[in-house]
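Note sheet for the following structure.
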Amino acid sequence: MKNIYGIIRKLGVTSKYNGYFFLTDAIRLAMDSRESSLKITKDIYPYLARKYETTPMNIERNVRTVINICWETNRKGMDEIAGHPLLCKPTNSEFVKMVVSYLAEEEQIGDKPAFAQ
């Protein structure tokens, strides 16, 4: 979980945004269930909405806000996490999958995140 927080912070988002916690939890859930395919809108958002006592729509909006900040603040870092230059801002589910893949690759290599800030 610490790596997830570090990645999101390096992309320019702090914990002052609710979406920061929603996004890190969504990434953790996706990582924990890599074998069984969780769907972000059908599985993750409703789970997080119950956990945080809010609506799935609010979770989605706050996650999107955080991804927008990452896109505006550190596009180069997002390109490095994606493994290629991004031509457009990723959707919420694309972003979550991108970070999960990055962290899974990092686990296999045993390195710490080393992308540009």
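Between D32 and R28, at least one side-chain N (NZ, or NE/NH1/NH2) sits under 4.0 Å from a carboxylate O, which counts as a salt bridge.
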Requested in this report: Applying side-chain contact (heavy atoms from CB on, under 4.5 Å), run through T73 and V13 and close with a yes or a no.
Outcome: CA-CA 8 Å; T73 305; V13 177; over 6 Å; no
**Report entry** Steps toward side-chain contact (heavy atoms from CB on, under 4.5 Å) verdict (V66, F22)
**Finding:** CA-CA 9 Å; V66 167; F22 301 160; over 6 Å; no
Requested in this report: Take L11 and R9, measure what side-chain contact (heavy atoms from CB on, under 4.5 Å) needs, and give me the verdict at the end.
Outcome: CA-CA 5 Å; L11 290 173; R9 277 194 305 274; over 6 Å; no
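Between P46 and T41, the closest heavy-atom pair is CD-O, 3.4 Å. Smallest separation of non-hydrogen atoms from A30 and V96: CB-CG1, 3.7 Å.
Y52 and D25 are linked by a side-chain donor-acceptor pair at a separation below 3.5 angstrom, with hydrogens and angles left out of the test.
The distance from atom CG of N18 to atom CZ of R61, rounded to the nearest 0.5 Å, is 9.5 Å. How far NZ of K97 is from CD1 of I40: 8.5 Å, rounded to the nearest 0.5 Å. Here the CD1 atom belonging to I8 is positioned 11.0 Å from the CG atom belonging to N74, to the nearest 0.5 angstrom. Rounding to the nearest 0.5 Å places NZ of K51 at 9.5 Å from CD1 of I59. In this structure, the separation between OG on S101 and CD on E94 is 11.5 Å, given to the nearest 0.5 Å.
In this structure F95 satisfies the ring pair (Phe, Tyr, Trp, His ring centres under 6.0 Å) test with no other residue, sequence neighbours excluded.
Below 30°, between 30° and 60°, or above 60°: for Y5 and F21 the angle between ring planes is above 60°, a perpendicular geometry.
Other residues, nucleotides and ligands contribute more than 12 heavy atoms inside 6.0 Å of the NZ atom of K89.
Residues L48 and L29 have side chains in contact (heavy-atom distance under 4.5 Å, counting atoms from C-beta outward).
Under a 3.5 Å cut-off, the side chain of N62 and the backbone N or O of N58 do form a donor-acceptor pair.
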